[in-house]
There are 2 protein chains.
Amino acid sequence: MRNLLMKVSYDGTDYNGFQTQPGGHTIQDYLEEAIHRLSGEQLKITASGRTDAGVHARGQVFNFYTASPIPLERWCMALNTWLPEDIVVTEAMEVPEDFHSRRAAKRKTYRYTINANQFPDIFNRRYQIHHYGKLDIEAMRQGLSHLIGTHDYTTFASRKSTKPSHVRTIFDAWIETDTSMCRPGTKDQGIIHTYLTGNGFLQHMVRIIMGTLIEVGEGRRHPDDMRVILEAKNRAAAGPTAMSKGLMLWEVEYDIPSIAETPSIQTT
Amino acid sequence: MRNLLMKVSYDGTDYNGFQTQPGGHTIQDYLEEAIHRLSGEQLKITASGRTDAGVHARGQVFNFYTASPIPLERWCMALNTWLPEDIVVTEAMEVPEDFHSRRAAKRKTYRYTINANQFPDIFNRRYQIHHYGKLDIEAMRQGLSHLIGTHDYTTFASRKSTKPSHVRTIFDAWIETDTSMCRPGTKDQGIIHTYLTGNGFLQHMVRIIMGTLIEVGEGRRHPDDMRVILEAKNRAAAGPTAMSKGLMLWEVEYDIPSIAETPSIQTT
């Protein structure tokens, strides 16, 4: 049996999230079905973590054990022929027998995107929320900085979270703005990408952080309130859960030679 | 009656092209229906030209005559509330009574996009074709250069074209490549954007040019063959019609103060 690790991108718009659930139509279901069609094996994959319904991934990672003799360099292209057009496997590598995508994940990065221009960008409408009202981006940067470090993030976790501990570490959090589409003489403010890198995130954590951060940007909360809100350890202290469509699992990093840096499988 | 000119973006994936036709579900139908809901007027709009089913527009332009007292600055936001999420009106201005969006158009620019990386970019899958095989971009540039000028473009027109003359002028044509998503150590070749600017384009003209240019990129035709193909004035001399999803009406220019340069309507 080989333990194979793969990297997958998906547009989560039309799926019920990553993880298999009774209603079906999840990313995991489609990946396992594609593996089944390719290798004949009915197996379960292990991902770095779940993503909610409507959330996207640029670089989700999963692994599984296979007895199939299919050569490593064939897997990506072959799986993609069985996958729908909004799911694509982009890298494959063999990892040690005891490697586990979730337990071995050292750093995860999420990106949340807000279009703060006057009009929606229809070509990216599935991957960003539209917020035309004035946003103070410097205030958002200042608010975000209070979340970096090791904290109990109960305030920013879904009340349904069943995790025994809500302590996590956010290594870094930053905002990048893209003003290339702003039209001169208008109130266009650009596309605002917020990145959060941590050792793990609780259910809805990035979306609740973003819902609160937007209130900071709107001037409805002071940037330094973010610290008070965090320390409250109470979901009621935070803002609303921002829409899932703006969220993307950007990257998952491991201590093994990063698959992001691994020259990808060459298919011929 | 005021003559209003508007700029509209649309994702053409799910529509039967721009222009009203018996099957319905066209961009024009939705624009006229939105105007009807807003102003109560049942009118016909005039666009800079039609786009085929599946073709997109960043900057399509249309005009219409209205007796509605709705202030100019209200039109965009108000129309957008009645439009589906893949159509958005982004600019509005009043133009002289005799202005006609098609007849007054001086320059049109189309963009065609090819993803020449190993894997599809699922987040732009609706707006680009995927071509993994090796493409010689310099050969494509050389081939494209033969099309600039004033020529009879019968070779690159649909056989169904009923236009009395196939003479048009291509002012400029160029290729831009975006290699930001290329992964080191792979055969990724980047995203290839081909732009064509002319005084008008025949039915399927850009797509047939692109289908032929891809054959040049693949090494199946010599770049200088483009001149011979053009001079044949025969559709059979050209390559296939490239898929509509890669095509976008990029910009339409007029001699009136360009609406592209006009500070957009400020809505409040």
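The chains referred to below are lettered A, B, ... by the order of the sequence lines, with proteins before strands, and numbering in each begins at 1.
In this structure, A:Ile122 CD1 and B:Ile87 CD1 are separated by 8.0 Å, a value rounded to the nearest 0.5 Å. Atom NZ in A:Lys7 sits 8.0 Å away from atom CZ in B:Arg183 (nearest 0.5 Å). Rounding to the nearest 0.5 Å places CD of B:Gln118 at 9.5 Å from CD of A:Glu91. To the nearest 0.5 Å, the span separating CZ on A:Phe123 from OG1 on B:Thr13 amounts to 9.0 Å. Of the inter-residue distances, the one linking B:Thr90 atom OG1 with A:Asp188 atom CG reads 10.0 Å to the nearest 0.5 angstrom.
The candidate with the highest count of non-hydrogen atom pairs below 4.5 Å against chain B, out of A:Met248, A:His56, A:Arg58, is A:Met248.
Only the side chain of A:Asn80 comes within contact range of chain B, with heavy atoms under 4.5 Å apart.
The closest side-chain heavy-atom distance from A:Asp86 to B:Arg125 is below 4.5 Å. Between B:His130 and A:Glu85, the closest side-chain pair of non-hydrogen atoms is not below 4.5 Å.
Residue A:Arg50 places its CZ atom among 12 or fewer non-hydrogen atoms of other residues, nucleotides or ligands, all under 6.0 Å distant.
Scored by the side-chain hydrogen bond (donor to acceptor under 3.5 Å, both in side chains) test, B:Gln19 finds no partners at all (sequence neighbours excluded). Partners of A:Thr26 under the side-chain hydrogen bond (donor to acceptor under 3.5 Å, both in side chains) rule, at least two apart in sequence or in another chain, are A:Asp29.
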